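Take a look at the structure below.
Letters A, B, ... are given to chains in the order of the sequence lines, protein chains preceding strands, and every chain is numbered from 1. Nothing here was measured: the structure is a model prediction, and the numbers come from that model.
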Number of protein chains: 2
Amino acid sequence: MARAATTSDAFNAIAEPQRRDILVLLRGGERPVTELARDLGMTQPQASKHLRVLREVGLVKVREAGKQRLYGLDARGLRPIHEWVGGFERFWNESFDRLDDYVRELKQAGQEGPDHGDDEQ
Amino acid sequence: MARAATTSDAFNAIAEPQRRDILVLLRGGERPVTELARDLGMTQPQASKHLRVLREVGLVKVREAGKQRLYGLDARGLRPIHEWVGGFERFWNESFDRLDDYVRELKQAGQEGPDHGDDEQ
DNA sequence: TTGACGCATGCCGATATAGGCATACGATGA
DNA sequence: TCATCGTATGCCTATATCGGCATGCGTCAA
């Protein structure tokens, strides 16, 4: 096997910096391919290809407008990511040493009696 | 070129589902490699390799414990991701059609001058 | 020392990405 | 119809991933 397809996931799609840049730019509203390419300093084919990936994972939508194709943001696909990552919030808020303590406490609590509940996906 | 290195970014590191699983499991506390491998149904070398990537991007830390090496979570690297993705929150909260309207309003406002007042949420 | 265990690596193969460049295609206007 | 603009694709190369398998290495117990 190789790496998971960039189009398999929103996770994989946004792993590419340029694609992230595109999304950010798109927050400002719909844009035609060429404009995106220009603003981000990439070639038109490059932009088109990245947009294809983003389209396939559903992070952008296209709208025909005469000769142009306007790409717009569809951020809904980012929500799951935000939630997944958010599941770690308490862990980065704790300082490191204290985090270890915290974990050890959890373990003990788990062995001794009713738990504090906290787990999985 | 090829794809960005998996170790170049936390973004790239968590693009791999198995690595995400490891992180989730690690929320429960430190674990030795073999246990992780067993619980996640992967081979030991596989686990080691994924842990290496996670270690290189700083999402996990290791601690020697006799024959074992205990891997623990260091979620601090996830924070930037959470923030980046969080920058799109308002966009996935809007329904799609309304989002377009919103964007159009922004554009007009930008061209005409002082706005119509009234946006988001 | 020897042996078992826990883990990290090395090597190989299959796959697919991202970039560069050329080009095909649809829409618009002359 | 023809030229042109705006995009999407195709092809080629270099690179690196992930998985499988074997093996190297350090630690601990006989």
Side-chain angles (χ1 to χ4, degrees), chain A residues 1-23 25-26 29-73, chain B residues 1-23 25-26 29-73:
Chain A
M1 264 191 194
R3 219 158 154 181
T6 55
T7 53
S8 60
D9 237 13
F11 277 101
N12 279 282
I14 67 167
E16 163 67 57
Q18 310 232 57
R19 274 189 297 259
R20 258 175 274 153
D21 292 341
I22 289 181
L23 293 179
L25 233 160
L26 252 29
E30 298 178 322
R31 305 256 173 120
V33 180
T34 307
E35 194 179 317
L36 284 170
R38 175 170 50 70
D39 289 11
L40 296 173
M42 44 181 147
T43 67
Q44 174 269 311
Q46 248 181 84
S48 278
K49 287 173 183 175
H50 280 144
L51 286 166
R52 179 166 172 50
V53 173
L54 292 173
R55 204 193 319 149
E56 287 189 33
V57 296
L59 287 173
V60 301
K61 64 185 198 307
V62 211
R63 186 165 63 93
E64 317 268 337
K67 291 202 276 191
Q68 307 186 132
R69 312 195 83 196
L70 297 175
Y71 279 84
L73 189 61
Chain B
M1 264 190 197
R3 222 158 150 180
T6 56
T7 53
S8 60
D9 236 14
F11 276 102
N12 279 281
I14 67 167
E16 163 66 56
Q18 310 231 55
R19 274 189 298 259
R20 260 174 273 152
D21 292 340
I22 290 181
L23 293 178
L25 214 92
L26 254 27
E30 297 178 322
R31 305 257 172 119
V33 180
T34 307
E35 195 180 316
L36 285 171
R38 175 169 52 68
D39 290 11
L40 296 175
M42 46 179 147
T43 68
Q44 174 270 309
Q46 247 180 85
S48 278
K49 286 173 183 174
H50 280 144
L51 286 166
R52 180 165 171 51
V53 173
L54 292 173
R55 204 193 318 149
E56 287 190 31
V57 296
L59 287 174
V60 300
K61 63 187 197 306
V62 210
R63 184 166 66 94
E64 318 267 338
K67 291 202 276 192
Q68 308 187 132
R69 313 197 80 198
L70 298 175
Y71 279 85
L73 188 61

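Taking the C1' atoms of five terminal pairs at each end of the helix from C/dT1-D/dA30 to C/dA30-D/dT1, the two resulting helix axes are inclined by 10°, rounded to 10°.
A/Arg19 places a side-chain heavy atom less than 4.5 Å from the side chain of A/Thr6. For the pair B/Leu51 and B/Arg69, the minimum side-chain heavy-atom distance is 4.5 Å or more. When side chains are defined from C-beta on, B/Met42 counts as touching B/His50, because their heavy atoms get closer than 4.5 Å. Between A/Arg55 and A/Val62 the shortest side-chain heavy-atom distance falls below 4.5 Å. A heavy-atom distance below 4.5 Å is found between the side chains of A/Val60 and A/Leu23.
A sub-4.0 Å separation between OP1 or OP2 of C/dG19 and a side-chain N or O of A/His50 is present. For the OP1/OP2 pair of C/dG19 and a distance below 4.0 Å, the side-chain nitrogens and oxygens of A/Gln18 include at least one atom meeting the criterion. Contact annotation: B/Arg52 reaches the phosphate of C/dT9 (side-chain N/O to OP1 or OP2, under 4.0 Å). Within the 4.0 Å cut-off from OP1 or OP2 of D/dA8, at least one side-chain nitrogen or oxygen of A/Arg69 is found. An OP1 or OP2 oxygen of D/dG6 is reached within less than 4.0 angstrom by no side-chain nitrogen or oxygen of A/Tyr71.
Remark: C1' of D/dA8 and CD of A/Glu56 are 12 Å apart, rounded to the nearest angstrom. Rounded to whole Å, the distance from CZ on A/Arg31 to P on D/dT7 is 13 Å. Atom-to-atom, CE of B/Met42 to C1' of D/dG19 comes out at 12 Å; the value is rounded to the nearest Å. Regarding A/Glu35, its CD atom lies at a distance of 18 Å from the P atom of D/dC5, rounded to whole Å. Nucleotide D/dA8 holds its P atom 11 Å from the CD atom of A/Gln68, rounded to whole Å. Taking atom CG of residue B/Leu54 and atom P of nucleotide C/dC7, one finds them 16 Å apart after rounding to whole Å. Between the CG atom of A/Leu51 and the P atom of C/dA18 there is a distance of 13 Å, given to the nearest Å. The distance between atom CZ of A/Arg20 and atom P of C/dA18, rounded to the nearest whole Å, is 12 Å.
Nearest-nucleotide positions on DNA chain D place A/Val33 closer to the 5' end than the other of A/Val33 and B/Ala5. A residue-by-residue look at B/Thr34 and A/Glu16 shows that B/Thr34 has its nearest nucleotide of DNA chain C further toward the 5' end.
No donor-acceptor pair under 3.5 Å is formed between the side chain of B/Asn12 and the backbone N or O of B/Thr7. Formation of a donor-acceptor pair under 3.5 Å by the A/Glu16 side chain with backbone atoms of A/Gln18 is found in this model.
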* To do: Kindly indicate, with the supporting measurements, whether the criterion side-chain contact (heavy atoms from CB on, under 4.5 Å) is fulfilled by B/Leu40 and B/Gln46.
  => CA-CA 10 Å; B/Leu40 296 175; B/Gln46 247 180 85; over 6 Å; no
* For B/Leu26 and B/Leu54, run side-chain contact (heavy atoms from CB on, under 4.5 Å): C-alpha distance rounded to whole Å, both residues' side-chain angles, the deciding distance at 0.1 Å, then the answer. => CA-CA 12 Å; B/Leu26 254 27; B/Leu54 292 173; 5.7 Å; no
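Residue-level contact check: A/Thr6 touches the backbone only, with heavy atoms under 4.0 Å from sugar-phosphate atoms and none from bases. Using a 4.0 Å heavy-atom distance criterion, A/Glu64 is classed as making no nucleic acid contact.
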* Structure fact -> Per-nucleotide protein contact along nucleotides 21-30 of chain C, 5' to 3', at a 4.0 Å heavy-atom cut-off (B base, S sugar-phosphate only, - neither), is BB----BS--
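Listed nucleotides: C/dC7, D/dA8, C/dG19. Nearest to the side chain of A/Ser48: D/dA8.
The side-chain hydrogen bond (donor to acceptor under 3.5 Å, both in side chains) test applied to A/Arg38 returns no partner, not counting sequence neighbours.
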